[in-house]
Amino acid sequence: SGVRLIAVENKKVIAASMWGKVKTTIQFITLLYLFVGIQYSPDASGYWVYAIIAEILVYATLVSTVFSGIDYLQKNKDIYYYILR
């Protein structure tokens, strides 16, 4: 958010990238799955399936966040010039 504010002050637009949209979608799906899973907690026999899917979704969120962050930094490295000067 801070980088976006600095970009606006310098009349630069930071557009949402595909990676950012993928990250947000995966985060939403993960949170929805985890919240619904808490509400309808599976019995002992089905818990391992719930746990494996939850872990896969959390790791997918982590990977998409890293790729989104790298993409964001690469595309907006010129804005960091304004921060560092």
Side-chain angles (χ1 to χ4, degrees):
S1 294
V3 173
R4 285 190 187 273
L5 289 173
I6 292 169
V8 168
E9 288 175 3
N10 293 287
K11 296 178 179 48
K12 301 223 181 250
V13 177
I14 297 178
S17 72
M18 186 247 345
W19 276 110
K21 292 176 183 182
V22 168
K23 174 194 65 96
T24 302
T25 302
I26 292 173
Q27 284 176 333
F28 178 75
I29 291 168
T30 301
L31 287 173
L32 186 65
Y33 181 80
L34 293 174
F35 286 144
V36 168
I38 290 170
Q39 182 70 25
Y40 301 103
S41 63
D43 58 358
S45 63
Y47 180 75
W48 65 274
V49 175
Y50 168 78
I52 289 173
I53 293 171
E55 190 167 346
I56 290 169
L57 287 170
V58 168
Y59 281 119
T61 301
L62 172 69
V63 170
S64 65
T65 300
V66 169
F67 280 114
S68 174
I70 290 170
D71 182 53
Y72 184 83
L73 290 172
Q74 286 177 340
K75 288 182 178 177
N76 301 300
K77 59 186 166 195
D78 60 320
I79 294 171
Y80 292 101
Y81 166 77
Y82 295 108
I83 296 172
L84 298 174
R85 65 178 173 137

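In this text the structure is predicted, and so the values were computed from the model without any measurement.
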Ignoring hydrogens, what is the shortest heavy-atom contact between [X] and [Y]? Give both atom names and the distance.
X: Val49; Y: Tyr33; result: O-OH, 4.2 Å
X: Gly20; Y: Ser68; result: CA-OG, 3.6 Å
X: Leu34; Y: Val58; result: CD1-CG2, 4.5 Å

Under a 4.5 Å side-chain heavy-atom rule over Ile, Leu, Val, Met, Phe, Trp and Tyr, are [X] and [Y] clustered together?
X: Met18; Y: Val66; result: no
X: Ile53; Y: Trp48; result: yes
X: Tyr47; Y: Leu57; result: yes
X: Val63; Y: Val22; result: yes

From [atom1] ([X]) to [atom2] ([Y]), nearest 0.5 Å:
X: Leu62; Y: Gln27; atom1: CG; atom2: CD; value: 10.5 Å
X: Thr30; Y: Phe35; atom1: OG1; atom2: CZ; value: 11.0 Å
X: Gln74; Y: Trp19; atom1: CD; atom2: CH2; value: 12.0 Å

Identified side chain to side chain contact (heavy atoms under 4.5 Å, CB included) counterpart of Ile29 within the set Ile26, Thr25, Leu32: Thr25

